[in-house]
Amino acid sequence: MSKRNLTNPDATPDWSLSQQQRTAVDLITVGKNLQETADAIAELRGARLPVGGVIVNQVRPQDLDADDLAAIRADTVEVESLVSDLKSAGIEAGDEVVTGLLAEARDHAERRALEDAQRELVRGFDVPTYELPRLPGGADLGGLYELAAELKKQGMA
Amino acid sequence: MTRTRTRFGPLAATASSAPDLDIDALIDDPATGIIVCCGSGGVGKTTTSAALGLRAAERGRKVVVLTIDPARRLAQSMGIQELDNTPRPVEGLSWANGARAKRDGVPRMDAMMLDMKRTFDEVVESQATPEKAKQILENPFYIALSSSFARTQEYMAMEKLGQIHQQAREDQSYDLIVVDTPPSRSALDFLDAPERLSSFLDGRFIRLLLAPARGPARMMTAGVGLITNAMTKILGAQVLRDMQTFVTAFDTLFGGFRQRAQKTFELLQADGTAFLVVAAPERDALREAAYFVERLTEDRMPLAGLVVNRASPAPVGDLSADEAMAAAARLRKKDDTALSGGLLRLHADRTRLVEREARLRERFAAAHPHVPTAVVPALAGDVHDLTGLRRVGELLAEG
């Protein structure tokens, strides 16, 4: 097993680690504060500590594609076809339900926009990045295995 | 040295909602002089402290916020990115609408980021003669202890609180101090600070070190000599000498330290102090919150309430998660990419999250029915400026 040090960007690194060639500092972050991760990478590089990868944690489910998100942000969703779709699936799509769904979508679109902007920022770091989904039921042992499998699938370990 | 813990809680209770925490009543009350925010890491404690401070200031209090380790951008927005251990005025405040106590000029809020080592140094300088202070400050063992000794941070946060409180009382500079505590369970260890310092300095190990430093070797008993000889072999003579010098010098300061810690402890217990426990609506964070609530109750610290941050906003309408998922599955069979399906899955995800959080809060309220609670919905974006803090303050008050 390779020796990797999972560290929080806020934590002070243990400098003796830089002596070990098999050590790499991986940074874990949530989508909101990648600026701090950027600062941490710059500081690690300044201290000549090897930077491993960046793990973006708690990424939101991507149930809407880019076109949908764009339509929601621009407020150009075709409400009538949405209502007929919902009705065809057996939902009583009254005004309240539709307004509610669209409000949630706008909120989601805003968060996704933020995540996307942050993702661009990470690309600029020139380090491998990995993404972990937010676990809807919270983390438990099974959830950890799922996250481990996800990291493996993305080629981290 | 574990203390017996008393269980606090009802004998039986049904899951229920907690009484509401009235933030504005708390910060507007001139009798509230200190608000201490505690809670585990990553629950938005620093943001909550800053938002509370800002709201209080814009409603007419003269506020200082002491923070430990703010996110860089938040610190920048408050102008305290520099670690100089002195409160700095935050620019850009304006009076709240209908502020009760409209005063002349602009609202006053200072903010400070705690420099643990500098606070420690200042205490040493204020307690010892200049020569002795220099001797201590230059000692390698002191340098290590003051910057990395576990729990020094908690103690120093309380030390700084004591200092600022004292100063504020003398020159009327502030009438409300908001304190952000270190992000760990040990944050409440400052409650033990007087005993902890005493047990550290009265410990057998330290006594052993003190003994040889007080006189020539021949004065020692054979037993102590054996032990220090063994320690010299393990630690090296220089290290041991540094430790001995440090402990001897520090020992004379100890009385002052202990007295100050005792004073801060009493200050925290006084009526003018209010503790807020901050949590996120997650199982681990609420478990920590329960620990804080019990610990504060045990030490008879004035607990004002619980702030549950980052709650998922409740969905509009009465479409259930199951209904939405079933409909989304039906739609998927027809068209995998339809917006309607995506919206329904999103709704189901949100509804489940909100239900889960509500259940966790109800459980907490069942176990701690006396704790007033404010629930703050999560903001879509990051909070890193005064506008964001102001919004958090509003949400806290609506909580």
Side-chain angles (χ1 to χ4, degrees), chain A residues 8-12 30-36 38-40 60-65 67-69 71-72 77-78 81-114 117-118 134 136-140, chain B residues 41-42 69-74 76 147-148 183 281-285 310 312-321 323-324 326-354 356-357 360 377-384:
Chain A
N8 179 317
D10 302 336
T12 320
V30 288
K32 286 207 286 188
N33 57 6
L34 285 180
Q35 187 54 51
E36 303 223 334
D39 296 344
R60 247 144 250 292
Q62 317 229 319
D63 286 319
L64 302 179
D65 62 26
D67 293 344
D68 290 342
L69 289 175
I72 287 159
V77 174
E78 289 170 28
S81 83
L82 175 65
V83 170
S84 78
D85 255 15
L86 291 172
K87 282 191 172 150
S88 77
I91 301 251
E92 273 185 56
D95 279 353
E96 198 188 41
V97 168
V98 175
T99 319
L101 286 177
L102 287 174
E104 283 164 41
R106 270 193 297 277
D107 193 43
H108 181 75
E110 191 181 337
R111 286 164 202 259
R112 284 279 297 276
L114 197 69
Q118 302 285 330
R134 189 185 63 189
D140 56 12
Chain B
D69 187 18
R72 197 167 301 200
R73 285 167 80 198
L74 182 62
Q76 277 165 0
S147 46
S148 59
E282 288 148 19
R283 202 175 324 164
D284 292 347
R310 300 191 188 143
S312 305
V316 188
D318 55 1
L319 184 60
S320 79
E323 231 178 317
R330 280 196 286 277
L331 282 168
R332 189 182 283 167
K333 276 183 206 150
K334 286 197 299 192
D335 174 7
D336 198 19
T337 61
L339 172 66
S340 50
L343 291 185
L344 288 168
R345 282 195 296 279
L346 213 60
H347 177 78
D349 187 55
R350 161 88 63 97
T351 307
R352 283 191 182 134
L353 201 60
V354 168
R356 182 170 166 269
E357 291 175 3
L360 287 169
L379 293 176
D382 194 16
V383 177
H384 56 261

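Just so it is clear, the model here is predicted, and its values are computed rather than measured. Just so you know, these numbers use all the heavy atoms, side chains as well, and skip hydrogens, waters and symmetry mates. Here is how names work: the chains are called A, B, and so on, in the same order as the sequence lines, proteins then strands, and each is numbered from 1.
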Starting at CD of A/Glu96, measure out to CG of B/Asp318 and round the result to the nearest 0.5 Å.
6.0 Å
Is A/Val77 close to chain B through its backbone or its side chain, or both, or neither, when contacts mean heavy atoms under 4.5 Å?
side chain
Portion of B/Glu282 that has a non-hydrogen atom of chain A nearer than 4.5 angstrom
neither
Going by heavy atoms in the side chains, are B/Leu343 and A/Asp68 under 4.5 Å from each other?
no
With a 4.5 Å cut-off on heavy-atom pairs, point out which of A/Asp85, A/Leu102, A/Val98 contacts chain B the most.
A/Asp85
Taking atom CZ of A/Arg134 and atom CG of B/Asp349, what is their separation to the nearest 0.5 Å?
5.0 Å
Would you mind checking which part of B/Arg350 comes under 4.5 Å of any heavy atom in chain A, side chain (CB onward), backbone (N, CA, C, O), both or neither?
side chain
Once rounded to the nearest 0.5 Å, what's the spacing between atom NZ of A/Lys87 and atom OG of B/Ser340?
13.5 Å
Atom group of B/Leu319 that falls short of 4.5 Å from chain A, counting heavy atoms:
side chain
Check each atom of A/Ala105 against the heavy atoms of chain B and say whether the ones under 4.5 Å are side chain, backbone, both or neither.
both
Most heavy-atom pairs under 4.5 Å with chain B, out of A/Ile91, A/Thr99, A/Ile72, A/Val97, belong to A/Ile91
Checking A/Leu101 against chain B: side chain, backbone, both or neither under 4.5 Å from a heavy atom?
both
Which region of B/Ala314, side chain (C-beta onward) or backbone (N, CA, C, O), has a non-hydrogen atom less than 4.5 Å from a non-hydrogen atom of chain A, or is it both or neither?
neither
Per-residue contact mode, A/Glu104 against chain B (heavy atom under 4.5 angstrom)
both
